[in-house]
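These notes are about the structure you will find just below.
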Amino acid sequence: MGHPMTDQQILRVGVVGAGNISGAYLDTFPRLTNLRVTAIADLDPARATLAAKEVPGARALTPEELYAAQDVDLVLNLTLPAAHAQVAHAAIAAGKHVYGEKPLAATTAEAHALLEAADAAGVRIGCAPDTVLGTGVQTARAVLDAGWIGSPVAATGFMVTPGHERWHPAPEFYYRPGGGPLLDMGPYYLTALITLLGPVRRVVGMSATPRATRSIGSGPRAGTEFPVEVATHVTGVLEHENGALSTLLMSFDVWAGALPRIEVYGTGGSLSVPDPNGFDGEVRLFRAEAKEWEPVPDRGGYPGASRGYGVADLARALADGGPHRADGRVAYHILDVMESLLAAARSGESVTVTSTCERPAAVPASARPEEQ
């Protein structure tokens with residue numbers, strides 16, 4: 001059993017953005033002993049007040065009041081993607097650490113400016129997704145690091161769906177610049193691939209927009225048509241710095257598929273990785289000598305993890321002085337990879353990814369984010 005947290009070891013969190021995703025974080029935080037939510041802000045004061053009533057000890061503030069609050073150490077940025085950079089800059093200017101939902105910013109230029117501002121202010125930036133800290137991807141990471149499939153040669157990552165307009169009552173933003181399957185779901189898959197295989201140095205790709213319009217499938221505006229302004233089917237090959245090649249397919253144009261979420265292929269076997277949009281799931285291993293797939297018991301990751309564990313991991317890193325895993329530099333590299341892949345699809349040529357990042361440290365088995 002660990003020792004109880006002291007007040008000095010507890011990171012005080014102010015939440016900016018009280019929309020739907022905030023509930024997932026606020027449901028998780030009560031079981032993370034190194035975090036405490038002290039304030040909640042939203043452009044809609046009533047929504048902030050309603051959310052704060054559900055969190056003991058939290059109060060509703062305006063965003064400006066939250067940035068200035070003495071009892072806020074970290075700003076949890078849960079605003080719309082277009083506002084991510086603006087909110088993060090305001091928090092950094094106030095001397096606060098920042099953790100945000102993906103993407104880090106709308107463009108790599110905005111994201112780079114954030115990293116520079118944080119370095120100058122001496123504060124940390126973290127960014128979702130933190131799904132890779134759960135037992136699913138981390139068990140696969142432990143298998144790879146133990147050499148059970150030999151040296152990694154290649155990987156595949158597939159995310160296919162007919163599109164979010166079937167269920168979302170206002171889906172237009174998924175089909176405007178900044179949207180599309182790659183920017184929407186790519187961060188989950190790319191964070192997993194980089195956690196498993198390390199950073200990417202070069203990409204090639206192609207893309208398509210088979211339908212010029214889409215139709216809303218649910219809600220009061222059902223049947224309303226709207227234009228598609230982005231590629232809705234993106235495929236490419238990523239060359240990792242270790243030489244492994246990952247094939248990526250992100251699509252809003254596939255009605256059904258039986259493709260695996262992620263697989264990794266090595267010189268001595270293969271590895272099946274569960275959905276990177278979740279924290280757990282079965283990992284399966286095929287070894288040349290065994291000649292059949294076998295399930296792998298959990299060998300790494302935070303058990304029972306959910307949204308917000310990346311914030312607790314950052315709090316742990318602040319306490320012990322080490323690196324945090326859901327790092328802004330990883331998020332920046334992922335955004336760079338996605339922009340480079342779309343540029344390669346437009347040009348028909350390979351594109352060198354100019355950024356890199358450290359492969360995040362593995363999470364030991366049965367760890368707690370306050371301790372490891």
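Residues: numbered from 1 along the sequence shown.
Sorted pairs that involve residues 51-91 and meet ring-ring contact (aromatic ring centres under 6.0 Å, His included), not counting sequence neighbours, are lacking altogether. Screening residues 50-64 for side chain to side chain donor-acceptor pair (under 3.5 Å), with sequence neighbours left out, gives Arg59-Asp71, Thr62-Glu65. Among residue pairs with one or both ends in residues 123-138, none qualify as salt bridge (Lys or Arg N to Asp or Glu O under 4.0 Å); sequence neighbours excluded. The ring-ring contact (aromatic ring centres under 6.0 Å, His included) analysis of residues 26-62, with sequence neighbours excluded, yields no pairs. Pairs engaging residues 9-26 under the salt bridge (Lys or Arg N to Asp or Glu O under 4.0 Å) rule: Arg12-Asp73 [sequence neighbours left out]. Applying the ring-ring contact (aromatic ring centres under 6.0 Å, His included) test to pairs two or more places apart or on separate chains, those with a residue in residues 176-229 are Tyr175-Phe226.
Within the 3.5 Å criterion, the main-chain N or O of Asn242 finds no donor-acceptor partner in the side chain of His240. No donor-acceptor pair closer than 3.5 Å links the side chain of Lys102 to the backbone N or O of Cys127. At distances below 3.5 Å, at least one donor-acceptor pair connects side-chain atoms of Asp44 with backbone N or O atoms of Ala46. Without hydrogens or angle criteria, Thr224 side chain to Arg221 main chain gives a donor-acceptor distance under 3.5 Å. Judged by distance alone, with hydrogens and angles left aside, the side-chain atoms of Thr156 form no donor-acceptor pair with the main-chain N or O of Thr247 at under 3.5 Å. In this structure a side-chain-to-backbone donor-acceptor pair under 3.5 Å is missing from Glu339 to Thr107. Formation of a donor-acceptor pair under 3.5 Å by the Arg359 side chain with backbone atoms of Leu196 is found in this model. Put simply, the side chain of Thr352 never gets that close to the backbone of Thr354: no donor and acceptor are under 3.5 Å apart. Not a single donor-acceptor pair under 3.5 Å links the side chain of Gln138 to the backbone N or O of Gly134. Checking side-chain atoms of His97 against main-chain N and O of Ala91 turns up no donor-acceptor pair under 3.5 Å.
Hydrophobic cluster membership is shared by Leu74 and Val55, with clusters built from Ile, Leu, Val, Met, Phe, Trp and Tyr side chains linked at under 4.5 angstrom. The hydrophobic cluster containing Ile334 does not contain Ile125, counting ILVMFWY residues as joined when their side-chain heavy atoms lie under 4.5 angstrom apart, directly or transitively. Grouping the Ile, Leu, Val, Met, Phe, Trp and Tyr side chains by contacts below 4.5 angstrom, directly or via other members, places Leu182 with Met159. Taken together through direct or relayed side-chain contacts under 4.5 Å among Ile, Leu, Val, Met, Phe, Trp and Tyr, Leu197 and Val296 form part of one hydrophobic cluster. Both Trp167 and Val228 sit in one connected hydrophobic cluster of ILVMFWY residues. Membership requires side-chain heavy atoms under 4.5 Å apart, directly or through other members.
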Verify side chain to side chain donor-acceptor pair (under 3.5 Å) between Thr131 and Arg307, making sure each step is shown before the conclusion.
-> CA-CA 7 Å; Thr131 47; Arg307 286 185 188 266; over 6 Å; no

Step by step, would you call Ile149 with Leu144 a side-chain contact (heavy atoms from CB on, under 4.5 Å)?
-> CA-CA 7 Å; Ile149 66 166; Leu144 279 174; 3.5 Å; yes

Checking side-chain contact (heavy atoms from CB on, under 4.5 Å) for the pair Leu190/Leu238: CA distance, chi angles, key distance, verdict?
-> CA-CA 10 Å; Leu190 289 168; Leu238 322 175; 3.4 Å; yes

Take Glu172 and Tyr174 through the test side chain to side chain donor-acceptor pair (under 3.5 Å) and record every step on the way to the result.
-> CA-CA 5 Å; Glu172 288 94 335; Tyr174 287 114; over 6 Å; no

Apply the test side chain to side chain donor-acceptor pair (under 3.5 Å) to residues Ser215 and Glu165: give CA-CA distance (whole Å), side-chain angles for both, the deciding distance (0.1 Å), then the verdict.
-> CA-CA 7 Å; Ser215 179; Glu165 72 277 9; over 6 Å; no

List the steps, then state whether salt bridge (charged side-chain N to carboxylate O under 4.0 Å, His left out) holds for Asp313 with Arg368.
-> CA-CA 9 Å; Asp313 184 82; Arg368 286 195 56 79; over 6 Å; no

Let me see the working for Thr38 and Val13 under side-chain contact (heavy atoms from CB on, under 4.5 Å), right down to the final yes or no.
-> CA-CA 6 Å; Thr38 56; Val13 177; over 6 Å; no

For side-chain contact (heavy atoms from CB on, under 4.5 Å), just list the numbers for Thr235 and Leu248, CA-CA rounded to whole Å, side-chain angles, deciding distance to a tenth of an Å, and then say yes or no.
-> CA-CA 5 Å; Thr235 187; Leu248 195 68; over 6 Å; no

Give the C-alpha distance, both sets of side-chain angles, the deciding distance and a yes or no for side chain to side chain donor-acceptor pair (under 3.5 Å) between Ser306 and Thr28.
-> CA-CA 7 Å; Ser306 54; Thr28 298; 2.7 Å; yes

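With respect to the salt-bridge test (charged N to carboxylate O, under 4.0 angstrom), the residues Glu294 and Arg287 qualify.
For Pro162, the side-chain contact (heavy atoms from CB on, under 4.5 Å) partners at least two apart in sequence or on another chain are Arg166, Trp255. Under the side-chain contact (heavy atoms from CB on, under 4.5 Å) criterion, Arg329 pairs with Leu115, Asp119, Asp327, sequence neighbours left out. By the side-chain contact (heavy atoms from CB on, under 4.5 Å) test, Asp253 is found to be paired with Pro210, Arg211, Arg214, Thr232, His233, Ser251, residues two or more places apart in sequence or in another chain being considered. With sequence neighbours excluded, the residues forming a salt bridge (charged side-chain N to carboxylate O under 4.0 Å, His left out) with Asp275 are Arg261, listed by chain and number. Checked against salt bridge (charged side-chain N to carboxylate O under 4.0 Å, His left out), Arg202 has the following partners two or more places apart in sequence or in another chain: Glu239. For Ala312, the side-chain contact (heavy atoms from CB on, under 4.5 Å) partners at least two apart in sequence or on another chain are Leu32, Asn34, Leu35, Pro369.
Aromatic ring pairs are classed by plane angle as parallel below 30°, tilted from 30° to 60° and perpendicular above 60°; the pair Tyr332 and His112 is tilted. Ring-plane geometry between Tyr309 and Tyr302 is classed as tilted, the angle between the planes lying from 30 to 60 degrees on a 0 to 90 degree scale.
Counted within 6.0 Å of CD on Glu282, heavy atoms from surrounding residues, nucleotides or ligands total more than 12; the atom is thus considered enclosed. Within 6.0 Å of the CG atom in Leu259, the count of heavy atoms belonging to other residues, nucleotides or ligands exceeds 12. Residue-environment remark: CD1 (Ile21) exceeds the threshold of 12 foreign heavy atoms within 6.0 Å.
For the atom pair CZ (Arg31) and CG (Asp27), the distance works out to 8.5 Å, reported to the nearest 0.5 Å. Within the model, atoms OG1 of Thr161 and CZ of Phe252 stand 7.0 Å from one another, a figure rounded to the nearest 0.5 Å. Thr191 contributes atom OG1, which lies 10.0 Å from atom NE2 of His333 (distance to the nearest 0.5 angstrom).
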